[in-house]
2 protein chains.
Amino acid sequence: MKELESARSEINSHLRTFLAHQSRVLHEISPSLDSVAVALSEFILDSGKRLRPLFAYAGAIAAGKKPDGADFAAMGSLELLQACALIHDDVMDRSDTRRGKPSIHRRFENLHNDGQLEGSASLFGDASAILLGDLALIWSDQALHSAGLSDHVLLSLLPTFDEMRVELMAGQFLDVYEQGQKSHDADRSLRIARFKSGKYTIERPLHFGAIMAGGSRDLLMALSHYGLPLGEAFQLRDDLLGVFGDPEQTGKPAGDDLREGKRTVLIAMTHEGLAPHDSKRFSSLFGRVEITHAEIEELRSLIRSSGADHRVEELIEHLTSQSLSALDAEVISHDARDVLTTLSTIATKRSK
Amino acid sequence: MKELESARSEINSHLRTFLAHQSRVLHEISPSLDSVAVALSEFILDSGKRLRPLFAYAGAIAAGKKPDGADFAAMGSLELLQACALIHDDVMDRSDTRRGKPSIHRRFENLHNDGQLEGSASLFGDASAILLGDLALIWSDQALHSAGLSDHVLLSLLPTFDEMRVELMAGQFLDVYEQGQKSHDADRSLRIARFKSGKYTIERPLHFGAIMAGGSRDLLMALSHYGLPLGEAFQLRDDLLGVFGDPEQTGKPAGDDLREGKRTVLIAMTHEGLAPHDSKRFSSLFGRVEITHAEIEELRSLIRSSGADHRVEELIEHLTSQSLSALDAEVISHDARDVLTTLSTIATKRSK
């Protein structure tokens, strides 16, 4: 869709300007920070669907505003926040790759090894990634504060921006905590999906854009009815991609979530659908660090034979159509309906 | 000093209210987040000198303002930022204790073990600490945004608040990076001290308070002349405490920095003052994880025989008197001089 393409390119252009400026600030503090600036800029600019900024764009359109430069710059702050989430996530999950490249902690571990620095390369990698994630979080604030929004609009955005970030970290903690539970539970996993994706990835960015454009309380509510089910569908697609996704497309190794033992709705439904004997076999392979390719295939066929992949696809379809039916609300501008429909497809039919 | 005692108690009371409110917000998202709320609240409320909020207080006084409730609430945000820095620092340094108690990653590792959760307790501890640090950083924003400041004051604070946080993370990275260098260098370590402590701990909090009170550009400059040398002196005292401090007071094991192999101005000066043979012996013990108590004593006496501890004490004295002489500036209110003089003593003559 041309309109979204052009919005994405506006967002990218503002992000590029912001990152170039911040890189200069870091360089002035010390040239030893150049590696930080380059790593963060590449991480943010080299790829990414800009899904959260685009939902903010859609929120602004829904409120009847044609976003200007300041609005696009402010939308970029959502991408910087997402960079923090991904960088810290990779440290926590011990993930080696992100978007087909070394994750940030791996990148700095390599830099330590290549430069033959003193001390532990792995600790250096982790410490760097923690700090780069923190910096991305702070930059996200800075991008919003310096976007050029009017004082009134900036101040009206702050509460939503703060709540969104608390919800993100809360969702992340619940996800980590869930991995430690003895039982799998589809309802619990859906609840986490609601916070991690429903609210953080979709509902809040929509609100962010709508508030930016002075949208009414009724509009925010209508956007929630569209955003929350879509966010859950988005997360369910993520779960499927983590198991069945093509490494060429996802930038992650095949069956990565199976190796990590990631507890998702898909896995909970797999256990519900398997006979006790198969469920036991599944558990014995699931989350094994040294898992072989054949064992990954075995897990995949157990999921298929349980019917869980079909159940999840059906759930995605159900949630997506529930989401789209919310677009009939009068309060959503006609222009926005096309954009929101396209975004719904991007969020749920994607292959990466 | 009574005035600072009463300011500290105002700051604590606002922090307590803020944390109680945020704990309820987390509980409403999920009761599984209670452990997060309790850990962060205890970490922040159980101890801490409130040094950064108090420097902000002094900055406001210097600009001739008697801080009100909203100002005190906003000062608390500096303590929440510091909580993020400490929690992440302990993960990066693999420190087991903070203020005499388990560090946050250890606390959650213990929680994982006690609850016999699935998976790696150590990874769970690290992931929790990364997320709690992130949350403290976000809460720090929220405390500032919701303090009740006028729109004008809040907006005028944001750029300084952002710059301070970038400087903090930059200083932290430079510190981590320095640990990987092959050579020790007192000048480089002093430069890091300037960012980590001169600017972040003292100069910026002073500016924060002064801006809150509508202080002039001249006042900010005068506060920098006081704050920057004092911040370096503060960091040098920290270096001495990390080596010679009493564990009962510091809440850290004896000679913790020696075990960690932390490169500080003190250590760089030790190498400068030792004969090659002794310097080599020093390096062979420094940073050894399994270091014995006798070896820590040996390192301490090598530092003493190099004269480095005296040089650092002299440097602290020199920087402190340079800092205090800046208080003669006319632009600093008379009331503030007493407060700033007392804070200078607290920052440089402390035993914890």
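Lettering of chains follows the sequences in order, A, B, ..., and the numbering in each one begins at 1.
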- request: Among Val25(A), Leu135(A), Asp141(A), single out the residue with the greatest number of heavy-atom pairs under 4.5 Å to chain B.
  value: Asp141(A)
Verdict with supporting geometry, Glu118(A) and Gln181(B), side chain to side chain contact (heavy atoms under 4.5 Å, CB included): CA-CA 6 Å; Glu118(A) 301 274 311; Gln181(B) 300 310 302; over 6 Å; no
- prompt: Taking only residues at least two apart or on different chains, which pairs with a member in residues 120-135 of chain A satisfy salt bridge (charged side-chain N to carboxylate O under 4.0 Å, His left out)?
  reply: Arg94(A)-Asp126(A)
statement: If you tally heavy-atom pairs under 4.5 Å between each of Asp162(A), Leu117(A), Leu168(A) and chain B, the highest tally belongs to Asp162(A)
query: If you tally heavy-atom pairs under 4.5 Å against chain A, which of Leu26(B), Asp151(B), Leu174(B), Asp89(B) wins?
result: Leu174(B)
message: With salt bridge (charged side-chain N to carboxylate O under 4.0 Å, His left out) as the rule and sequence neighbours excluded, what pairs involving residues 17-43 of chain A come up?
response: Glu42(A)-Arg107(A)
- prompt: So which part of Leu154(B) gets closer than 4.5 Å to some heavy atom of chain A, the side chain, the backbone, both or neither?
  reply: side chain
- prompt: Arg263(B) versus chain A, heavy atoms under 4.5 Å apart: side chain, backbone, both or neither?
  reply: side chain
query: Who passes ring pair (Phe, Tyr, Trp, His ring centres under 6.0 Å) against His88(A), sequence neighbours left out?
result: His88(B)
message: Is Val36(B) in contact with chain A via its backbone, its side chain, both, or neither, using a 4.5 Å heavy-atom distance?
response: side chain
task: Output the distance between atom CD1 (Ile138(A)) and atom CE (Met164(B)), rounded to the nearest 0.5 Å.
output: 9.0 Å
- prompt: Say you draw a straight line from NE2 of His145(B) to CG of Leu158(A); how long is it, rounded to the nearest 0.5 Å?
  reply: 4.5 Å
- request: Name the region of Phe108(B), side chain, backbone, both or neither, that has any atom closer than 4.5 Å to a heavy atom of chain A.
  value: side chain
Within residues 191-202 of chain B, residues adjacent to chain A where the heavy-atom gap is under 4.5 Å: Arg191(B), Phe195(B)
message: Is Ile29(B) close to chain A through its backbone or its side chain, or both, or neither, when contacts mean heavy atoms under 4.5 Å?
response: both
message: Shorter than 4.5 Å, heavy atoms on both sides: which option in Gln116(A), Gln179(A), Lys182(A) has the most such pairs with chain B?
response: Lys182(A)
task: Flag the one option from His112(B), Glu163(B), Arg165(B) with the top tally of heavy-atom pairs under 4.5 Å to chain A.
output: Arg165(B)
- request: Answer yes or no: is there a side-chain heavy-atom contact under 4.5 Å between Trp139(B) and Val166(A)?
  value: yes
field: Parallel, tilted or perpendicular, as decided by the 30° and 60° cut-offs, for the rings of Phe124(A) and Phe173(B)
entry: tilted
- prompt: When only pairs under 4.5 Å are counted, which of Gly261(B), Ser32(B), Gly119(B) shares the most heavy-atom pairs with chain A?
  reply: Ser32(B)
message: Which atoms of Ser35(B) are under 4.5 Å from chain A, going by heavy atoms: the side chain, the backbone, both sets, or neither?
response: side chain
